[in-house]
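What follows is a set of notes on a single structure, which appears directly below.
Counting starts at 1 for both ligands and their atoms, in listed order.
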Amino acid sequence: MKVAVYPGSFDPITNGHLDIIKRSSRVFDKVLVGVLVNPDKKGLFTIDERVDIIKRVVLPYDNVSVKSFNGLLVDFMRENNSNVMIRGLRSVADFEYELQTSLMNKKLDPGIETVFMMTSSEFSFLSSSSIKQVAFLGGCIKGLVPDEIISDVAKKVKSIK
Ligand code: ADP
């Protein structure tokens, strides 16, 4: 049973993330979406809210599950019997960061492999931060995040404004 972990902040999950999850679920036996708890970064959504939102979105995919994690990703992977991590690549800018991170993870645990999946062209411009910016400025986020979470983002933005 090959379990792949897809880690990230997912604040909020975008159609770009969901595309990577769907495609990975066809390649691996199980995909575990790992929502990183980063105490230094205050997000739009709390960690529990992000986990709940992603769980709703991945409901149609039987082999996809969602958990949050603290601390080192390699430890989270070991605890979940995974030695493969998935990362998405949008641009050369992603590459620089991802190369460094994957080499660090390899140093921490040589048994771990990072598998990179190229973004689909229609989602290559999407990031959680640009979506938050658009939502805060009152722009339409349809097509950028899964339809079922548009109202969650709108509600959250309204509650903060
Ligand atoms: P992080 O904060 O660790 O970058 P993100 O939640 O922003 O986490 O992203 C998680 C992963 O998803 C990263 O590998 C990132 O490159 C990838 N990703 C983000 N947006 C897209 C997209 N539009 N298409 C493909 N991959 C993406």
Sub-3.5 Å N/O-N/O distance, Y6 and ligand 1: yes
Proximal atoms of ligand 1 relative to D94 (non-hydrogen, under 4.0 Å): 16 (O)
Whether over 12 other heavy atoms sit under 6.0 Å from F95 CZ: no
Side chain, backbone, both or neither: the part of S128 lying under 4.0 Å from ligand 1 by heavy atom: neither
Donor-acceptor pair, side chain of R50 and main chain of F45, under 3.5 angstrom: yes
K155 and D152 ion-paired at < 4.0 Å: no
D11 backbone acceptor or donor facing S9 side chain under 3.5 Å: no
Ligand 1 contact on I20 by region, counting heavy-atom pairs under 4.0 Å: side chain
Cluster check M104, V5: I/L/V/M/F/W/Y, side chain < 4.5 angstrom: yes
Per-atom contacts of ligand 1 with F10, taking only distances under 4.0 Å to non-hydrogen atoms: 6 (O)
L126, portion touching ligand 1 at heavy-atom distance under 4.0 Å: both
Region of F125 engaging ligand 1 - heavy atom pairs below 4.0 Å: neither
R87 N/O to ligand 1 N/O under 3.5 Å: yes
Backbone of P12 reached by a side-chain donor or acceptor of S128 within 3.5 Å: yes
Close N or O approach (L89, ligand 1; < 3.5 Å): no
K156 atom NZ, over 12 foreign heavy atoms within 6.0 Å: yes
Test of proximity, H17 against ligand 1: N or O pairs below 3.5 Å: yes
Protein heavy atom at shortest distance from atom 1 (P) of ligand 1: S9 OG, 3.9 Å
Close-contact set for ligand 1 against F123 heavy atoms, below 4.0 Å: 22 (C), 23 (N)
F123 backbone acceptor or donor facing S120 side chain under 3.5 Å: no
Nearest non-hydrogen protein atom, atom 15 (C) of ligand 1: G88 O, 3.8 Å
Any N or O of P7 closer than 3.5 Å to N or O of ligand 1: no
Nearest neighbour of atom 20 (N) of ligand 1 from the list M118, R23, E98, R90, on a heavy-atom basis: R90
Under-4.0 Å heavy-atom contact with ligand 1, by part of M117 that carries it: neither
Backbone of M118 reached by a side-chain donor or acceptor of R23 within 3.5 Å: yes
Expected output: side-chain S82 to main-chain V3 donor-acceptor under 3.5 Å: yes
Heavy atom of the protein closest to atom 24 (N) of ligand 1 (residue, atom name, distance): T119 OG1, 2.9 Å
Heavy-atom neighbours of K106 NZ exceed 12 at 6.0 Å: yes
